[in-house]
There are 2 protein chains.
Amino acid sequence: MSKIKITSTNFENKKVLEEECSEVYAANIIGGQWSLVICSWLLQGKMRFSELNKVIPNITERMLTLQLRKLEQDNIITRKVYAEFPPKVEYELTEIGYELRPIIVQMEQWGKRHKYLNSK
Amino acid sequence: MSKIKITSTNFENKKVLEEECSEVYAANIIGGQWSLVICSWLLQGKMRFSELNKVIPNITERMLTLQLRKLEQDNIITRKVYAEFPPKVEYELTEIGYELRPIIVQMEQWGKRHKYLNSK
DNA sequence: GACATAACTTACATTTTTGATAGTACCTTA
DNA sequence: TAAGGTACTATCAAAAATGTAAGTTATGTC
């Protein structure tokens, strides 16, 4: 996360692929280890940092911060800071963020089916 | 790829998440850097190793092999070896593999829309 | 003045993924 | 006998992602 060297072959490969395949472009945006869980929760409405931290098992504050920053950079979520004490920050999906819903729903269904088939 | 330490925190986190979120489970299967491109091509029908190598820009034989092996392990593709010379190996999506189509299509559409919005 | 709280940062370590390069086995054709 | 095609493997190195643990900041409360 965050430190992609723009001189690396890996970066170059991703760039080329993203240009040619929009599905890879999408995957690179929502492909972080915790991105999908975060988005899933946010589909139900905005949440605070601490709430996300609570409902997502095992994520560290560091990783949560990193993923939220990336999602914000990619315009998937917005970040709203309240001038209160103690601090309060709310995260919410953007319009295009909410449009991830059908993808997430389908992935969930597919995942369930795949699990089921593999358990037979 | 391939060498996940089952004692690592990362492994544990993935396991727990996959159990709770089928969409994360799905993402872990199709989330490799090249998996989606491979699947996209295979949606059009079976292909040989060398054909995939040709149409996918910049992928190395090593990475192609690794990804194909993983997809095979996960029952997304089948591998058929012909007893010919020169060697001929064909890869084809399984039934559940073909069922990725709607996901891929939607990710592609979403990706395009996202790109468009971000360019404005 | 010590302590708590929410939302972070920072520095460092480990794990995981990807890349570069060279080599292998097998058979066929020149 | 040598060269060439196909589908790989093996080794080593680099880059990228994730995890651990300890701060930090700003302000209210006891």
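Computed from a predicted structure; not experimentally measured. Sequence lines set the chain letters: A, B, ... in the order given, protein chains first and strands last, and positions in each chain run from 1.
Of the side-chain N and O atoms in B/N13, one or more sit less than 4.0 angstrom from OP1 or OP2 of D/dG19. Between B/T65 and D/dT9 there is no side-chain polar atom (N or O) within less than 4.0 angstrom of OP1 or OP2. A close approach under 4.0 Å does occur between a side-chain nitrogen or oxygen of A/T9 and OP1 or OP2 of C/dA20. Of the side-chain N and O atoms in A/S8, none sit less than 4.0 angstrom from OP1 or OP2 of C/dT18. For the OP1/OP2 pair of D/dA15 and a distance below 4.0 Å, the side-chain nitrogens and oxygens of A/K5 include at least one atom meeting the criterion. Distances shorter than 4.0 Å separate none of the side-chain N or O atoms of A/N53 from OP1 or OP2 on C/dA7. The side chain of A/Q67 places no N or O atom within less than 4.0 Å of a non-bridging phosphate oxygen (OP1 or OP2) of D/dA17.
Along DNA chain C, the nucleotide closest to A/R69 and the one closest to B/P86 are compared, and the more 5′ of them pairs with A/R69. Comparing B/R79 and A/G31, the nucleotide of DNA chain D nearest to each residue sits closer to the 5' end for B/R79. In terms of position on DNA chain C, the residue among A/F49 and A/N10 whose nearest nucleotide sits closer to the 5' end is A/F49. Heavy-atom distances to DNA chain D give each of B/F85 and B/Y91 a nearest nucleotide, and the one nearer the 5′ end belongs to B/F85.
Taking a 6.0 Å sphere around CD of B/E95, one finds it holds 12 or fewer heavy atoms contributed by other residues, nucleotides or ligands.
When the side chains of ILVMFWY residues are joined at heavy-atom separations under 4.5 Å, either directly or via intervening members, B/I103 and A/L43 end up in a single hydrophobic cluster.
Figure legend: B/K115 and A/Y25 shown as a cation-pi pair, the cationic atom lying under 6.0 angstrom from the six-membered ring centre and within 45 degrees of its axis.
When rounded to the nearest whole Å, the span between CZ of B/F11 and P of D/dT18 equals 16 Å. Nucleotide D/dT18 holds its C1' atom 14 Å from the NZ atom of A/K70, rounded to whole Å. The separation between A/I59 atom CD1 and C/dA7 atom P is 14 Å, rounded to whole Å. Between the P atom of C/dC8 and the CZ atom of A/R48 lies a distance of 10 Å, rounded to the nearest Å. The distance between atom CG of A/L66 and atom P of C/dT9, rounded to the nearest whole Å, is 9 Å. Distance, A/I6 CD1 to D/dA15 P: 13 Å, rounded to whole Å. With rounding to whole Å, A/I29 atom CD1 is found 14 Å from D/dA17 atom P. The CE-P distance, from A/M63 to D/dA17, rounds to 9 Å in whole Å.
Partner of B/Y91 under the side chain to side chain donor-acceptor pair (under 3.5 Å) criterion, out of B/R48, B/R79, B/K46: B/R79 alone.
Side-chain polar atoms of B/S22 and A/E108 form no donor-acceptor pair below 3.5 angstrom.
Within the nucleic acid shown, B/E84 has no heavy atom closer than 4.0 Å to any nucleic acid atom.
Checking C/dC8, D/dT27, D/dA7 against the side-chain heavy atoms of B/S50 singles out D/dA7 as nearest. Considering only side-chain atoms of A/Q33, the nucleotide from C/dT16, D/dT18, C/dA7 that sits closest is D/dT18. Side chain of B/V89, nearest nucleotide from D/dC8, D/dG19, C/dT17: D/dC8.
Within the 4.5 Å cutoff, the side chain of A/E19 has heavy atoms near those of the A/K15 side chain.
Remark: the B/R62 side chain and the D/dT9 base include no donor-acceptor N/O pair separated by less than 3.5 Å.
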